[in-house]
Undergrad: 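Structure in structure tokens, see below.
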Amino acid sequence: MTVTGYLREKILYINLSGEMDECSAQDARAKCDKLIEDNANVRKIIINLSEVAFMDSTGIGFLIGRYKKASRLSVPLLVEKPNFAADKILNLSGIYSLIPKAE
């Protein structure tokens with residue numbers, strides 16, 4: 001899992017690429033948390049899932065953890081561009097009630 005981020009107009013964009021499973025989640029968590037902590041003064045955080053090839057329940061836990069971190073900072077978190085399979089998992093889990101899709 002590759003994690004990259006950039007800041008534009010006080011919005012932190014975090015791009016995830018690769019497979020989100022138990023093996024890759026720990027490193028991705030650490031990198032995302034560092035990006036969030038280093039940019040705690042943003043208006044919102046958008047996690048781009050367009051390049052996530054595979055996601056299981058670990059991905060749901062990963063997103064909820066980043067949601068909690070952003071919430072403690074009073075920063076809204078959104079996801080964007082999940083592929084069909086990831087969108088189906090996220091939809092079935094009900095996570096969109098916590099973390100909406102960016103439009």
Side-chain angles (χ1 to χ4, degrees):
M1 172 68 52
T2 303
V3 177
T4 58
Y6 63 94
L7 195 60
R8 184 174 10 145
E9 298 177 12
K10 300 232 2 144
I11 299 172
L12 175 61
Y13 293 88
I14 298 174
N15 298 312
L16 303 180
S17 177
E19 296 187 356
M20 175 60 74
D21 57 20
E22 190 61 40
C23 294
S24 64
Q26 185 174 0
D27 187 48
R29 278 186 201 105
K31 289 177 181 175
C32 273
D33 286 351
K34 175 120 175 66
L35 283 167
I36 292 169
E37 290 163 6
D38 290 349
N39 296 283
N41 62 341
V42 296
R43 285 190 303 121
K44 63 184 165 184
I45 300 166
I46 298 177
I47 298 180
N48 183 312
L49 301 174
S50 65
E51 295 181 23
V52 174
F54 172 81
M55 179 187 291
D56 60 13
S57 61
T58 304
I60 294 167
F62 170 86
L63 290 172
I64 290 172
R66 303 319 43 89
Y67 167 79
K68 288 180 178 179
K69 181 172 261 323
S71 291
R72 285 191 294 271
L73 298 170
S74 299
V75 177
L77 177 75
L78 298 93
V79 295
E80 72 174 355
K81 301 178 184 171
N83 67 22
F84 178 79
D87 187 51
K88 187 173 179 180
I89 289 170
L90 296 173
N91 206 13
L92 287 172
S93 73
I95 200 166
Y96 290 135
S97 64
L98 285 176
I99 306 169
K101 276 197 235 182
E103 298 299 330

Undergrad: Measure the shortest side-chain to side-chain distance between V79 and K101 over non-hydrogen atoms and say whether it is less than 4.5 angstrom.
TA: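 V79 vs K101: side chains touch.
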Undergrad: Taking the side chain as everything from C-beta on, heavy atoms only, tell me whether D56 gets closer than 4.5 Å to I89.
TA: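 No. Closest side-chain heavy atoms not under 4.5 Å.
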Undergrad: Give the minimum heavy-atom separation between L77 and A70, together with the two atoms involved.
TA: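 For L77 versus A70, the nearest heavy atoms are CB-CB, 4.2 Å.
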Undergrad: If you look at every heavy atom in N48 and E51, which pair is closest and at what distance?
TA: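 Distance-wise, the nearest heavy atoms are OD1-N, 4.4 Å.
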Undergrad: Give me the atom names and distance for the closest heavy-atom approach of P100 to L98.
TA: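 Closest heavy-atom pair between P100 and L98: CD-O, 3.5 Å.
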Undergrad: Quick one: closest heavy-atom pair of L90 and P82, and the distance?
TA: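 That closest heavy-atom pairing would be CD1-CB, 4.4 Å.
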Undergrad: With hydrophobic residues grouped by side-chain heavy-atom distances under 4.5 Å, do I47 and Y13 end up in a single group?
TA: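 Looking at the clustering, Y13 is in a separate group from I47.
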Undergrad: I need the minimum non-hydrogen distance between L63 and I99, along with the two atoms involved.
TA: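 Smallest heavy-atom distance, with atoms named: O-CD1, 3.5 Å.
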Undergrad: Name all residues meeting the side-chain contact (heavy atoms from CB on, under 4.5 Å) criterion together with E9; count only those two or more places apart in sequence or in a different chain, and write none if there are none.
TA: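 With sequence neighbours excluded, E9 shows a side-chain contact (heavy atoms from CB on, under 4.5 Å) to no residue whatsoever.
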Undergrad: Do L49 and I11 share a hydrophobic cluster (ILVMFWY, side-chain heavy atoms under 4.5 Å, transitive)?
TA: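 L49 does not cluster with I11.
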Undergrad: Do Y67 and I95 come within less than 4.5 Å of each other through their side chains, counting heavy atoms only?
TA: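 With C-beta onward as the side chain, the pair stays apart.
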Undergrad: Using a strict 4.0 Å threshold on nitrogen-to-oxygen distance, state whether R29 and D33 make a salt bridge.
TA: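 Answer for the salt bridge query: no.
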Undergrad: How would you list, by chain and number, every residue that makes a side-chain contact (heavy atoms from CB on, under 4.5 Å) with S57, sequence neighbours excluded?
TA: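 Expected list: none.
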Undergrad: For a 4.5 angstrom cut-off between non-hydrogen side-chain atoms, does L16 reach C32?
TA: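 They are in side-chain contact.
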Undergrad: Give me the atom names and distance for the closest heavy-atom approach of P76 to S74.
TA: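 Looking at all heavy atoms of both residues, the shortest contact is CD-O, 4.0 Å.
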Undergrad: Is any side-chain heavy atom of L12 closer than 4.5 Å to one of V75?
TA: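 In short, these two side chains do not touch, never coming nearer than 4.5 Å.
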Undergrad: Checking D21 side chain against T58 main chain: does a donor-acceptor pair fall under 3.5 Å?
TA: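 Checked: no pair found.
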Undergrad: Give the table of side-chain donor-acceptor pairs shorter than 3.5 Å for residues 39-46, with sequence neighbours excluded, one pair per line with atom names and distance.
TA:
residue: N39; atom: ND2; partner: L35; partner atom: O; Å: 2.8

Undergrad: Does Y6 share a hydrophobic cluster with I36, counting links as ILVMFWY side-chain heavy atoms below 4.5 Å and allowing steps through other members?
TA: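 No, no single cluster joins them.
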Undergrad: Is V3 linked to L78 within one hydrophobic cluster, defined over Ile, Leu, Val, Met, Phe, Trp and Tyr using a side-chain heavy-atom separation of less than 4.5 Å?
TA: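 No; tracing contacts between hydrophobic side chains, which count when under 4.5 Å, never links both residues.
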Undergrad: Between Y96 and I14, is there shared hydrophobic-cluster membership here, with clusters defined by ILVMFWY side-chain heavy atoms closer than 4.5 Å?
TA: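 They do share one cluster, since a chain of ILVMFWY contacts under 4.5 Å joins Y96 to I14.
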Undergrad: Do the side chains of E37 and K69 get close enough for a salt bridge, i.e. N-O under 4.0 angstrom?
TA: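 Yes, charged N to carboxylate O under 4.0 Å.
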Undergrad: Measure from the side-chain N and O atoms of S24 to the backbone N and O of E19, and report whether any donor-acceptor pair falls under 3.5 Å.
TA: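 Checked: pair present.
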